[in-house]
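Contents: one structure, followed by commentary.
Just follow the structure's listing: the first ligand is 1, and inside any ligand the first atom is 1.
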Amino acid sequence: MAELPAGERIAYRTCPLCEATCGLELTIRGDTVTRVRGDRDDVFSRGYLCPKGVALGELHADPDRLRAPLIRDGDAFRVASWPEAYAAVAAGLAPILARGDRDAVAIYGGNPLAHNMESSLYLRPLVKAVGSRNFYTSSTVDQMPRHLVAGLMFGDPMALAVPDIDRMDYLLMLGANPWESNGSLWTAPNLPARLRLLRRRGGRLVVVDPRRTRTARHADQHLAIRPGSDAPWLLALINVILADDLARPGRLATMTSGLDGLAAAVAPFTPEAVAALCGITPDVTRQVAHALAASPAAAVYARFGAQATRSGTLVTWATEVLNILTGNLDREGGVMFPRAVHERVRGTEAGAGFKTGRWRSRVRGFPEVMSEFPGTTLPDEIETPGAGQVRALLTIAGNPVLSNPDGQRLDRALGTLEFMVSVDIYLNETTRHADVILPPPSPLEHSHYDLLFNRFAVREVANYSAPVLSATGPSESEILARLALIAGGRDLATPTAVIDEAMLDELIAREIANPHSSIADCSPAEIRAAVDGDTPGDRILDFMLRTGPRGDGFGRDVAGLSLARLREAPHGVDFGPLASALPARIRTRSGRIELNSTVIDDELARVRRELSAPPAADALLLVGRREFQSNNSWLHNLPSLIGEADRCVLQMHPQDAARRGLQDGATVRLGSATGAVEVPLAITDEVAPGVVSLPHGYGHAALRVRLARAQRWPGASYNDVVAGEIDQPSGNAVLNAVPVTVAAV
Ligand SMILES: Nc1nc2c(c(=O)[nH]1)N[C@H]1C(S)=C(S)[C@@H](COP(=O)(O)OP(=O)(O)OC[C@H]3O[C@@H](n4cnc5c(=O)[nH]c(N)nc54)[C@H](O)[C@@H]3O)O[C@H]1N2
Ligand SMILES: Nc1nc2c(c(=O)[nH]1)N[C@H]1C(S)=C(S)[C@@H](COP(=O)(O)OP(=O)(O)OC[C@H]3O[C@@H](n4cnc5c(=O)[nH]c(N)nc54)[C@H](O)[C@@H]3O)O[C@H]1N2
Ligand code: SF4
Ligand SMILES: [Mo]
């Protein structure tokens with residue numbers, strides 16, 4: 001490597017901005033990032049990065065990023081010290097907690113939590129200390145159907161198989177656009193290159209999307225399905241596979257219960273019966289079913305676009321059924337269960353199964369799923385008086401006013417709370433309602449390890465990043481621990497180490513009680529003394545790594561993994577491709593993969609009724625779109641990402657525009673049964689006729705936000721048009737395939 005100029009240094013850091021987990025090489029001068037490049041030596045990403053990774057230095061330097069707590073002062077905010085801010089939180093929550101109704105305090109956790117080791121670890125003790133049933137996260141505007149179906153079928157909501165992209169021959173992808181999103185619940189840096197390689201080695205990529213996306217343009221076949229109709233179409237594929245005797249589940253047959261009933265369940269969904277609803281001809285449906293079944297190693301993968309619909313759960317179920325019927329689940333080159341090096345080692349005994357609806361939401365009676373209620377019902381819980389009414393809210397790394405349906409209503413509801421605290425790095429559309437904002441350090445100021453995304457990765461990899469710069473304020477784990485202590489009624493002099501030590505002690509105790517653990521029956525004190533790490537989060541990580549499947553077992557395997565070993569590998573460690581995980585991964589009570597459930601029966605019956613109600617000829621359905629330089633609602637303030645033009649434009653097919661007499665560039669009113677926004681029109685045949693598309697995460701025109709650059713092109717919020725409809729079984733919001741009207745302003 002060339003000599004660095006005096007005063008400069010190089011640091012390596014995994015990018016925390018999306019699920020691809022790219023390794024970055026940062027050049028630092030003082031406390032300034034002067035250059036960001038892809039780390040060519042990163043064992044997983046091999047130098048790949050996108051414009052967002054490049055902007056990580058801008059995020060750190062953004063003058064609008066909060067660096068000190070803010071306390072509300074009338075209509076404005078004033079900067080406060082940390083002790084003052086914590087005292088304000090304690091004083092604000094005290095009267096509400098004193099009423100003895102824990103449900104009166106709600107928590108909303110957002111997407112960046114999942115990308116942050118400290119906050120993802122410390123959310124749990126906070127939620128426990130608050131003790132409220134009003135727990136919400138961005139999972140119910142995203143992937144809850146995946147968790148529900150994994151729970152129902154495999155007995156474990158985290159049993160999410162990923163396409164084994166580097167070894168497959170055929171990939172059928174629905175509602176995903178990895179060319180722009182870089183993949184979701186599928187961690188594989190540089191998916192564009194991996195998808196290109198699939199085709200170069202003779203494989204086929206088939207993309208099902210109502211828009212001709214960048215991913216679709218790189219596919220062998222693009223099917224512009226009618227939005228919201230993936231479930232019946234996938235059921236038709238199952239129908240063809242069974243009717244034409246193409247099912248070859250192989251070893252999965254004896255592991256799976258419910259295969260016998262499938263043919264009857266999908267009988268109404270013939271290619272002919274679904275053709276009008278899906279906009280896909282019977283020949284094409286048959287051709288895809290045959291090609292899928294004939295491929296030695298293939299995968300069906302459905303993601304956000306197809307899941308955030310009215311049939312998200314059924315789409316996900318049908319996807320899994322196809323992977324089982326074709327023998328591709330748990331097969332190399334099919335879909336495989338990743339294993340992360342920090343996971344717990346388990347035995348093969350049957351699991352405890354998975355339950356939902358252990359409690360229900362107060363106002364609308366929605367069942368909890370993974371201890372969460374649908375985010376769409378948070379306004380109901382705030383607005384409806386009575387015992388259990390939400391009177392205080394903690395938001396952590398979330399912007400639900402822009403990310404959840406009916407944002408305007410939530411915006412109004414937040415204004416009626418008695419007290420609100422936000423742990424966030426920006427004063428934005430949501431946090432402007434807070435009484436106290438507590439800003440954690442920037443991503444460059446804390447250590448990083450992907451606790452979540454390593455569990456969805458296509459290789460077994462591990463990568464630890466030390467802090468690149470030192471933080472001036474408390475860590476995010478300290479902030480959340482302090483909030484947990486306050487919610488638990490402890491005084492402000494109680495050290496947060498109480499929470500740190502309790503977490504570690506609990507982990508150690510549980511592990512020692514696990515008969516399959518490398519430290520089963522060890523002395524807790526001996527283990528605690530040997531745990532290594534500079535921060536509470538790092539110590540938990542060290543413990544997890546050392547007791548994980550590749551761990552050193554605290555000296556029981558000297559060559560094994562530990563935090564110290566990961567620190568010596570700044571480009572990461574690669575333990576190779578995924579390996580078969582069945583039947584051990586099955587945690588249902590029966591010990592088999594369960595295809596049957598009343599949830600699925602009800603959904604099949606509902607979708608069967610849709611077959612007889614074909615769409616009106618002039619109907620318009622709204623779908624979303626992610627842009628390469630954007631990340632949900634919160635990177636619009638960075639100079640290199642925001643661009644020189646309004647990107648929040650409504651795409652419409654030329655036929656639909658002509659029928660309505662609309663001109664390209666005109667401002668139009670996009671309306672639904674519940675709301676409307678005004679946006680510029682872009683006429684393009686990238687969207688199918690009958691489909692319009694708007695990106696989400698815009699709508700930055702609100703008063704009292706501190707997002708100077710984002711306000712240059714504020715755009716309008718997609719979620720002001722969308723109301724609170726959900727995929728019933730999972731509680732996931734319906735964000736795509738929303739009926740709308742478009743008219744000239
Ligand atoms: N219409 C429509 N709606 C959607 C979607 C869509 O496609 N269409 N997508 C959905 C999806 S997939 C998701 S995941 C959700 C996201 O929903 P949310 O998580 O509610 O929203 P984000 O826009 O990700 O906002 C993240 C917040 O975290 C803050 N933040 C960033 N980094 C940190 C950090 O390190 N610590 C803390 N404490 N805060 C931080 C940001 O300032 C911002 O306020 O949106 C969903 N909403
Ligand atoms: N650049 C960028 N990258 C991101 C994000 C971002 O905001 N910007 N967000 C991150 C997050 S939080 C997530 S969850 C992931 C999501 O990543 P992906 O799962 O890849 O989802 P999207 O990129 O939203 O692509 C969804 C596609 O579904 C299509 N679609 C809409 N409705 C339907 C339908 O009914 N059926 C079918 N078959 N397709 C439909 C849309 O046209 C769109 O092309 O992306 C992550 N990466
Ligand atoms: S693809 Fe994702 S992880 Fe990679 S640099 Fe871009 S935002 Fe970061
Ligand atoms: Mo997401």
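For Y86, the ring pair (Phe, Tyr, Trp, His ring centres under 6.0 Å) partners are W82, not counting sequence neighbours.
The side chain of S184, and not its backbone, has at least one atom closer than 4.0 Å to an atom of ligand 2 (non-hydrogen atoms only; side chain from C-beta on). Neither the backbone nor the side chain of R625 comes within 4.0 Å of ligand 2, counting heavy atoms alone. When non-hydrogen atoms are compared, ligand 3 lies under 4.0 Å from the backbone of T21 (N, CA, C, O) but not from its side chain. If you look at I225 next to ligand 2, the close heavy atoms, those under 4.0 Å, all belong to the side chain. When non-hydrogen atoms are compared, ligand 1 lies under 4.0 Å from the side chain of N428 (C-beta onward) but not from its backbone. The proximity of N631 to ligand 2, defined as any non-hydrogen pair under 4.0 Å, involves the side chain as well as the backbone. For N111, heavy-atom contacts with ligand 1 shorter than 4.0 Å involve the backbone as well as the side chain. Using a 4.0 Å cut-off between heavy atoms, E476 contacts ligand 1 through its side chain alone, with no backbone atom that close. Residue-level proximity to ligand 1 for P440 is carried by the side chain, the only part with a heavy atom below 4.0 angstrom. Residue Q143 does not touch ligand 1, judged by heavy-atom distances below 4.0 Å. Residue contacts with ligand 1 for V423 involve both N, CA, C or O and side-chain atoms from C-beta outward (heavy atoms, distance under 4.0 Å). Within the 4.0 Å heavy-atom criterion, the part of N736 lying near ligand 2 is the side chain and not the backbone. Counting heavy atoms under 4.0 Å from ligand 1, residue S403 touches it through both backbone and side chain. In T309, the part holding a heavy atom less than 4.0 Å from any atom of ligand 2 is the side chain. Only the side chain of N719 comes within 4.0 Å of ligand 1, counting heavy atoms alone; its backbone N, CA, C and O stay farther away. If you look at S138 next to ligand 1, the close heavy atoms, those under 4.0 Å, all belong to the side chain.
The N182 neighbourhood of ligand 3 comprises atoms 1 (S), with distances under 4.0 Å to a heavy atom of that residue. Close approach of ligand 3 to C15 (heavy-atom distance below 4.0 Å) involves ligand atoms 3 (S), 5 (S), 7 (S), 8 (Fe). Below 4.0 Å from some heavy atom of N116 lie the following atoms of ligand 1, by number and element: 35 (O). Heavy-atom proximity to K52, at under 4.0 Å, picks out these atoms of ligand 3: 7 (S). Applying the 4.0 Å criterion to heavy atoms of S633 picks out, from ligand 1, the atoms 22 (P), 23 (O), 25 (O). Of all the atoms in ligand 3, the ones that sit under 4.0 Å from a non-hydrogen atom of L17 are 7 (S). Residue G110 has at least one heavy-atom neighbour below 4.0 Å for each of these atoms of ligand 1: 19 (O). For ligand 1, the atoms sitting less than 4.0 Å from at least one non-hydrogen atom of Y108 are 17 (O), 18 (P), 20 (O), numbered in the order shown with element in parentheses. For ligand 1 and Y426, the ligand atoms under 4.0 Å from any heavy atom of the residue are 42 (O). Counting atoms of ligand 1 from 1 in the listed order, those under 4.0 Å from a heavy atom of I425 are 30 (N), 31 (C), 32 (N), 42 (O). Each of the following atoms of ligand 2 lies closer than 4.0 Å to a heavy atom of D142: 14 (S).
Across C18, A55, G53, heavy-atom proximity to atom 2 (Fe) of ligand 3 is greatest for C18. When the options N177, D209, T215 are ranked by their closest heavy atom to atom 44 (O) of ligand 2, first place goes to D209. Looking at A737, G305, G697 and measuring to atom 32 (N) of ligand 2, the nearest heavy atom belongs to G305. The nearest non-hydrogen atom to atom 7 (O) of ligand 2, considering only V687, L621, N632, D230, comes from N632.
Here the protein heavy atom with the shortest distance to atom 43 (C) of ligand 1 is D424 OD2, 3.6 Å. Looking from atom 2 (C) of ligand 1 to the surrounding protein, the closest heavy atom is H696 CB, 3.4 Å. Of the protein's non-hydrogen atoms, V141 O, 3.2 Å is the one closest to atom 10 (C) of ligand 1. Atom 7 (S) of ligand 3 has as its closest protein heavy atom C50 SG, 3.6 Å.
Atom 6 (Fe) of ligand 3 lies at 2.8 Å or more from every N, O or S atom belonging to C22.
At a threshold of 4.5 Å between non-hydrogen side-chain atoms, the residues P178 and L195 count as touching. In this structure, the side chains of D411 and H433 come closer than 4.5 Å at one or more pairs of heavy atoms.
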Could you go step by step and tell me if Y301 and W186 meet the ring-ring contact (aromatic ring centres under 6.0 Å, His included) rule?
CA-CA 10 Å; Y301 166 77; W186 185 23; 4.6 Å; yes

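Checked against the 6.0 Å centroid criterion, the rings of Y698 and H636 qualify as a close aromatic pair.
Heavy-atom neighbours of R409 CZ from other residues, nucleotides or ligands within 6.0 Å: above the threshold of 12. The 12-atom threshold is exceeded at CZ of R217, counting heavy atoms of other residues, nucleotides or ligands nearer than 6.0 Å. Annotation for R704: atom CZ counts as buried by contact number, over 12 foreign heavy atoms lying within 6.0 Å.
Between W179 and H218, the two ring planes are parallel [angle under 30°; tilted spans 30° to 60°]. Between W634 and Y426, the ring planes lie tilted relative to each other; the angle falls in the 30° to 60° range.
Looking at ligand 1, you won't find any N or O of N404 less than 3.5 Å from one of its N or O atoms.
Cation-pi contact between R214 and F628: present, with separation from the ring centre below 6.0 Å and deviation from the ring axis of at most 45°. Geometric assessment of R482 against the ring of Y122 yields a negative cation-pi assignment under the 6.0 Å and 45° thresholds.
Taking every heavy atom of both residues into account, T316 and P145 meet most closely at OG1-CB, 3.7 Å. Across all their heavy atoms, A20 and N182 have their closest contact at CB-O, 4.0 Å. The nearest pair of heavy atoms linking S475 to E118 is CB-OE1, 3.3 Å.
Under a 4.0 Å heavy-atom criterion, H115 is not in contact with ligand 1.
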